[in-house]
Trainee: 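Sending over a structure as structure tokens; questions will come in a sec.
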Amino acid sequence: MNKKVVTGVVGNDIHVVANRLIDISLQARGFEVFNLGVNTYLEEFIDAVVETDADVLLISSLNGEAEGWCRELQFLRAEYELKDVIFMIGGNLSVGEAANIEEIVPKYKSYGFDLVFHQVDLNIGLDTLEEFIGHKS
Amino acid sequence: MNKKVVTGVVGNDIHVVANRLIDISLQARGFEVFNLGVNTYLEEFIDAVVETDADVLLISSLNGEAEGWCRELQFLRAEYELKDVIFMIGGNLSVGEAANIEEIVPKYKSYGFDLVFHQVDLNIGLDTLEEFIGHKS
Amino acid sequence: MSLHQKERDIIVQNQYIDNFDFDEVEDFIKNASKDLFISHKFKNSNTTLVQPRGGFPTYQKQFELYEEFEKADIDVMPLTIDSHTRLNDYGSAKKMLMLSEENETDMLNGYPLVNHGYATTRKMITHFNRPVSLRHGTPDARLLIETALASGIFEIEGGPITYLLPYSKNFPLDKAFLYWKYVERVCANYSGLNEPINRESFGPLTATLVPPCVTIVIQLLEMLLSLEEGVKSFSVSFSQTGSVNQDAVMANVIREMADFYAKKIGVEDATINLVYHQWMGAFPRNKEFSDSLINTSSFIASLVRADKIIIKTRDEAFGIPTMQCNAQSVANTKYTFQMLKGLPTITDEEEEANLTEEIHSIMEAVFNDSADTLWRKVFNSIKNGIIDVPFSPHIINHNAVVTIRDEHSNIRVIERGNMPISDKCLAYEKSKVKLSKDKTAVINKIIEDIGVMHE
Amino acid sequence: MSLHQKERDIIVQNQYIDNFDFDEVEDFIKNASKDLFISHKFKNSNTTLVQPRGGFPTYQKQFELYEEFEKADIDVMPLTIDSHTRLNDYGSAKKMLMLSEENETDMLNGYPLVNHGYATTRKMITHFNRPVSLRHGTPDARLLIETALASGIFEIEGGPITYLLPYSKNFPLDKAFLYWKYVERVCANYSGLNEPINRESFGPLTATLVPPCVTIVIQLLEMLLSLEEGVKSFSVSFSQTGSVNQDAVMANVIREMADFYAKKIGVEDATINLVYHQWMGAFPRNKEFSDSLINTSSFIASLVRADKIIIKTRDEAFGIPTMQCNAQSVANTKYTFQMLKGLPTITDEEEEANLTEEIHSIMEAVFNDSADTLWRKVFNSIKNGIIDVPFSPHIINHNAVVTIRDEHSNIRVIERGNMPISDKCLAYEKSKVKLSKDKTAVINKIIEDIGVMHE
Ligand code: B12
Ligand code: B12
């Protein structure tokens, strides 16, 4: 059975290009995709994960707003008991040019993400995701 | 009476453009000019200074060779008793991009130059020369 | 009191602003220095004017940015507005502005103009005494534009289509048309007092494989909607396509079409200028290469004889640039324009004829829509896909047009969707691309085409 | 044994070289990798090849430079020779090489090829397996070129005129012609063994206000002198003039004229390529601006469809660039060529016709000289000012031609001296410049024109 992925771009971010490519690439890799598109709030993502019983939540953020929107993830994750869902985020995860680029991944992990990709190419991210799924099962 | 200037480009250097402009500019400022052109050795300069009874020797160097050619100036200056002649050099006085740009001027002064201009515009150099002449007389 | 004036009075009654003295504003504009008007600068210069992007939350930091720009001898200053203000959320903007002032970190991604107010902002604008261009992306920009004009900002970027289809997911398009109609009227009203206020459309749209015919049609329609209301100085724009020749073709055609359609609606006394945007798509991650790309864009802007260029920085792929980086970009571009001489004129009759025909077909379909006003015709045309912007995130957009790059990197339409371009034109476009039958090959080609400037 | 072979045997008997095995060398060239031949690379590529400048005294440092270049995916490697070797002073070169090896500081401004010898150098050249171009400036380059060819360096830059008039004060020009005749013959002899050896002329000359007709005439004459001896692959070149249009005109005309004159002397089987030099005149002192200038040059090289470009670095105004700076320039230029697509073709019939006429007039005068061989005709023509290079430091040069830039920065002849261009052509050139009557104003304009790329 195909793994289900909920995806979209978080916050007031309207950068849609990567989102379209993510949709296509996930499908090409055999995932069942629920794409919420741009300008999606964290609660909407969580609702969709619950509703579709998704295996993966893949969030994009390009305009630098992600930090403001994702701080509460840990809390929501616990509340909805989403222990087994893989939480993943990627894109451009800081405002301006990150001064401390090494701090970005740990910070987002502390928010509750399993996989974090700052300015990393999509395909590398999706390869890592498939590996991660392999390890889990 | 017009001041006399001997000028030219030292060593195997054939960069002639500045030399042509120097000739024109000196004349425009009322100097009497003896232009030895490019590819002129230090001895030739000194000979010309003696022969013309020049007030100023103005040497250009562009290709970075000047240091190799001008170390003996102090010696020649003493030998020919040229105490009252103003010795002046300008252009590009180091090979490559000078690491210690502050050291260039003192170094050339220690070789016996009165006025040293590394990567300085010609007109600034000639203004300074005229001032220097003013002070002396 | 006219309906319009009533609306104005309501808009400026807002708890976040002190008071709005329309008579004083009119007086200010009447006596304002000509140097503040880009319309004046356009008239009196024969090189491409240079404008960067930039906006910081505090007055102090915005002032410092302008100082940096001034040192680089900038032609047109930018004022970029923060995103809370863009959503008319002046409360949050106020809070974040206060935090920014207290903590000396930027809690806003632009200058909250409404909160600062026009009395304060005008001091800064008149101090530097150069034209300022307002960049925002706001669907309901009525109060923002009143404040901008009162501050001495006499160029207003945007439009109901170009600030909506690339920037919004679901803001109602019909409302945007009405709010922008208000903006046009305010600009038009002030235009008789001194030099005209300039309006500028945002041609780059999504900056992603938008075909020239779509860009130009939208530029023309926003121009017409603006001229209809009485605006006398308007700038059409587009961004680097990725093909030098296609840029030249676009420049030639857009200039000709702007003239043609302005006359068609009976406007003969408006000045239309051409603005070129340096590459607006995905940038390389190598900053040296970004510099090369930026300089290449400047060269093209000169070649196509743009009246103004809007520039990027070497930090584009990474994040919002520092002041210094931004000012350096201005200086570099100014240097390039100054030393670049003896530019040839480029024309390509075949390509220009094809593009012109496509534009006329789409414009005709828009005009033939049964609605009573132009804005309603345009609204309907977007809704039914007669105008269709690739990669728009907006739910109203049709998303049926498919484009791809040919071997010279020209953007070509390979699926027209509902766009009424003739079979002949479509065949011409398709004849330029060797298309694989394989669908994933096509998708990979599109991905490659989006990353065409990558190293 | 032929006279030529006797001369060869004498030349290679030199205390600074070990031994010279001509049979082994022939064998090496016969079996050498095609990748070492730029003539082969020209045939098989459809982009502009990128070549920097660079030479260091020691084998080790030259090797490191090539490693840097390789990382930047260079197309053509340079080998710049030191100035002692250029003056055939192998003794000083040897001493300085030893000092450089011991002290790890560079005591030479290039690679002393003769001292290193071909056996050693060949190892390096074949290791990197890319075409190498020899840059020197030597009037008597006979031994140098024998050594280069034996090392696997299959492109030889220079010529009796272009390496003399800008580079020397008083080396006898007639001797230079004879020494270069030798070089052409050696290159021609080896050209039947594998891919042809490429010869390249140095079009920039003094890089200072040289009018297009002078540059092109000299390019054509060096080409003819080379083809006469049997060379089958020749590159003509010129450097950025300062006007994009003038560059395009020069490129179009030089290509056409090269064909025309090669045919005229009955050569139909030689390949002529076009090389473009990035701005060779005075650089700005601002490194950011130098980058912009360099990128602009690359853009023009693409526009005029040059087969190869020779590049500068951001350090040009300051001194010899570091390896890294040099490699960065290669990478930037490669990036620009890769992303620059959809280039239009530029033609300017009026300018091209005028330039062509000027060239034919001068060529005709050269051919009409009463001497018996082409090289003697050329020698006489230089001596009497039929060919006259502005700002040449050489005593034989006539120095009567005066040039100035017009408002689009085209270089125009305002005094023709003894150059036999027609009254009509001179009138055309002069019609483009608004000239002040005042002599100091003209001088100031020339000074300004030399610094045209300054910030
Ligand atoms: C095109 C573009 C736009 C278009 C967007 C059109 C549209 N609706 O999509 C327009 C012009 C409208 C626009 C607007 C704005 N933009 Co913009 N935009 C860009 C630009 C130039 C390219 C983005 C793009 O499409 N790239 C192509 C896609 C394929 O690549 P990508 O998005 O980078 O995604 C790749 C990776 O990040 C990765 N990825 C993405 N998501 C994920 C997820 C996972 C899990 C993984 C593994 C990987 C991954 O995969 C992709 C392929 O490799 C970038 C700069 C750049 N990157 O060059 C700025 C940029 C993203 N924009 C920026 C900004 C600030 C804005 C604005 C706020 C500017 C303004 N003041 O007007 C607005 C408003 C937008 C909003 N409300 O969010 C900033 C963000 C700054 C920051 N993070 O600090 C950038 C970086 C530019 C800059 N340097 O200032 N923009
Ligand atoms: C044009 C040029 C050439 C032409 C010269 C034609 C000719 N015969 O004149 C050609 C192409 C032939 C050439 C050859 C070479 N060149 Co060259 N050349 C240049 C270039 C690009 C411009 C020089 C120029 O004409 N400038 C215009 C004039 C008006 O300005 P200027 O010479 O800088 O002089 C100004 C000031 O220095 C000052 N000035 C000069 N003298 C004096 C004196 C006084 C008292 C004062 C106050 C001021 C002053 O006034 C002038 C006006 O402001 C420079 C780099 C640059 N500057 O951009 C390299 C440069 C000078 N060349 C250089 C080199 C190495 C060479 C070669 C050895 C290269 C080679 N390997 O082939 C050869 C050989 C020359 C030799 N034997 O000396 C180097 C020198 C390196 C160093 N110092 O470390 C430079 C800096 C380039 C580089 N970065 O590598 N070159």
Side-chain angles (χ1 to χ4, degrees), chain C residues 72-73 240-249 279 283-284 286-300 302-304 314 325 327-329 331-348 351 405-411 432 451-455, chain D residues 72-73 240-249 279 283-284 286-300 302-304 314 325 327-329 331-348 351 405-411 432 451-455:
Chain C
D73 195 21
Q240 185 177 359
T241 59
S243 154
V244 180
N245 201 51
Q246 194 161 46
D247 288 344
V249 167
W279 181 249
F283 254 64
N286 179 317
K287 294 192 181 188
E288 299 276 344
F289 295 171
S290 291
D291 278 341
S292 299
L293 174 53
I294 285 172
N295 186 261
T296 298
S297 303
S298 302
F299 194 133
I300 301 172
S302 271
L303 266 182
V304 307
R314 51 173 15 225
C325 170
Q328 185 65 58
S329 238
N332 291 352
T333 306
K334 298 262 324 174
Y335 170 74
T336 298
F337 287 156
Q338 168 213 309
M339 61 98 173
L340 197 53
K341 305 241 176 70
L343 289 155
T345 321
I346 299 167
T347 43
D348 184 328
E351 290 286 347
R405 292 185 183 279
D406 70 15
E407 60 165 331
H408 299 295
S409 215
N410 295 296
I411 301 168
K432 299 288 176 183
V452 69
M453 293 303 175
H454 284 157
E455 52 275 48
Chain D
D73 194 21
Q240 186 177 357
T241 59
S243 153
V244 180
N245 201 52
Q246 194 161 47
D247 288 344
V249 167
W279 181 248
F283 255 65
N286 178 317
K287 295 194 181 186
E288 300 276 345
F289 295 172
S290 291
D291 278 341
S292 299
L293 175 52
I294 286 172
N295 185 264
T296 298
S297 302
S298 303
F299 193 131
I300 300 171
S302 272
L303 266 183
V304 307
R314 53 176 11 227
C325 169
Q328 184 66 59
S329 237
N332 291 351
T333 307
K334 299 255 338 169
Y335 170 74
T336 298
F337 286 157
Q338 168 215 310
M339 61 97 173
L340 197 53
K341 305 240 177 72
L343 289 154
T345 321
I346 299 166
T347 43
D348 183 326
E351 290 286 348
R405 293 185 182 278
D406 69 15
E407 62 166 328
H408 299 295
S409 214
N410 296 294
I411 300 168
K432 300 288 176 181
V452 69
M453 294 301 175
H454 283 157
E455 53 272 45

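All chains are named by letter (A, B, ...) in the order of the sequence lines, taking the proteins before the strands, and each is independently numbered beginning at 1. The model shown is predicted, which means the values in this text are computed figures rather than measured ones.
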Trainee: Can you tell if the side chain of D:Ile300 reaches within under 4.5 Å of the side chain of C:Phe299, non-hydrogen atoms only?
Mentor: yes
Trainee: Specify which of C:Ala248, C:Gly242, C:Ser298 makes the most heavy-atom pairs with chain D at under 4.5 Å.
Mentor: C:Gly242
Trainee: Heavy-atom distance under 4.5 Å to chain C: side chain of D:Ser292, backbone, both or neither?
Mentor: both
Trainee: Checking heavy atoms, do the side chain of C:Asn332, its backbone, both or neither come under 4.5 Å from chain D?
Mentor: both
Trainee: What is the distance from atom NZ of D:Lys341 to atom CG of C:Asp406, rounded to the nearest 0.5 Å?
Mentor: 10.0 Å
Trainee: Select one option (side chain, backbone, both, neither) describing which atoms of D:Tyr335 are under 4.5 Å from chain C's heavy atoms.
Mentor: side chain
Trainee: Could you tell me which of C:Met453, C:Lys334, C:Gln246 has the largest number of non-hydrogen atom pairs under 4.5 Å with chain D?
Mentor: C:Met453
Trainee: Counting only non-hydrogen atoms closer than 4.5 Å, does D:Gln338 touch chain C with its backbone (N, CA, C, O), its side chain (CB onward), both, or neither?
Mentor: side chain
Trainee: Quick check on the interface: out of C:Glu455, C:Arg405, C:Met339, who has the most heavy-atom pairs with chain D under 4.5 Å?
Mentor: C:Met339
Trainee: So which of C:Leu293, C:Asn286, C:Asp247, C:Thr347 has the largest heavy-atom pair count under 4.5 angstrom toward chain D?
Mentor: C:Leu293
Trainee: Do you know which of D:Glu407, D:His408, D:His454 has the most heavy-atom pairs with chain C at a distance under 4.5 angstrom?
Mentor: D:His408
Trainee: Under 4.5 Å from any heavy atom of chain C, what part of D:Ile294 do you find: side chain, backbone, both or neither?
Mentor: neither
Trainee: Closest heavy-atom contact between C:Ser243 and D:Gly342?
Mentor: OG-CA, 3.6 Å
Trainee: Pick whichever of D:Leu343, D:Thr296, D:Ile346 has the most heavy-atom pairs under 4.5 Å with chain C.
Mentor: D:Thr296
Trainee: For the interface with chain D, which of C:Asn410, C:Leu303, C:Asn245, C:Thr333 has the highest count of heavy-atom pairs at distances below 4.5 Å?
Mentor: C:Asn245
